[in-house]
Amino acid sequence: MYGAPADQPFEVTVSIGIDAVIGGTTVELPVRISGLAEGFTAGLSVPVVDVLLTGPAAILDALQINLLDAIVDVSALGEGTHQVRPKVNKIAGPDSLLQQLTVKEVQPEYIQVTLSRPVTPTPSPTPTLAPTITPTPANTAPRTPTPTRAPTN
């Protein structure tokens, strides 16, 4: 081959690359509210989101979902109803294998968040009762007859 006699051995170098098996999985994460201003309450249209992750199958198989966090940031929002896109954070260091996973999709894509101030009950005036006067007879003692005199002539 290539000028070498056919009966002579020759050397061949072969390089083989092995890529990790790539997979995907969907996990359900509770939604957490971030940046809620003091004095406000927040209501979410859904309490959880579905997150589609892709990456090496070995990492997906060993995935601990408590290392993922779904957040809606309301720090720049005021009172009212808003559509907010949830963000998924990986709670791991930059050298963690978890960083090899990719968030492909979050469903629903937007969550309705309603921010409001709690209603402070307005104290209602306490009714005051006007004093009532109960008339009492002027003389409550029994009357004793007054003796009368017989006329004298």
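These numbers come from the heavy atoms of this one structure, side chains and all, not from hydrogens, waters or symmetry mates. Predicted model only: the values in this text are computed from it and were never measured.
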How many angstroms lie between atom CD1 of Ile59 and atom CG of Leu97, to the nearest 0.5 angstrom? 4.5 Å
Ser75 side chain to Gly35 backbone, donor-acceptor under 3.5 Å: no
Option from Leu77, Ile71, Ile33, Asp73 for which side chain to side chain contact (heavy atoms under 4.5 Å, CB included) with Val84 holds: Leu77
Examine distances only and state if a side-chain atom of Gln99 and a backbone atom of Gly93 form a donor-acceptor pair shorter than 3.5 Å. yes
Arg32/Asp69 under salt bridge (charged side-chain N to carboxylate O under 4.0 Å, His left out): CA gap, chis, key distance, verdict: CA-CA 8 Å; Arg32 189 171 60 82; Asp69 197 15; 2.7 Å; yes
Are Leu36 and Leu115 close enough that some pair of their side-chain heavy atoms sits under 4.5 Å apart? yes
Is there a path of hydrophobic side-chain contacts, each under 4.5 Å between heavy atoms, that joins Val49 and Leu67? yes
Are Val106 and Val46 connected in the hydrophobic side-chain network, where two residues link if heavy atoms are under 4.5 Å apart? yes
Main-chain N/O of Leu52 paired to Thr26 side chain as donor or acceptor, under 3.5 Å: no
Stepwise side chain to side chain contact (heavy atoms under 4.5 Å, CB included) check, Leu60 with Leu101: CA-CA 8 Å; Leu60 289 170; Leu101 299 180; 3.6 Å; yes
Can you find a heavy atom in the side chain of His82 that is under 4.5 Å from one in the side chain of Gln112? no
Would Val31 end up clustered with Ile65 when hydrophobic side chains under 4.5 Å apart are linked, directly or stepwise? yes
Apply the test side chain to side chain contact (heavy atoms under 4.5 Å, CB included) to residues Val48 and Leu29: give CA-CA distance (whole Å), side-chain angles for both, the deciding distance (0.1 Å), then the verdict. CA-CA 5 Å; Val48 295; Leu29 297 176; over 6 Å; no
Applying side chain to side chain contact (heavy atoms under 4.5 Å, CB included), run through Val51 and Leu68 and close with a yes or a no. CA-CA 10 Å; Val51 180; Leu68 299 170; 5.6 Å; no
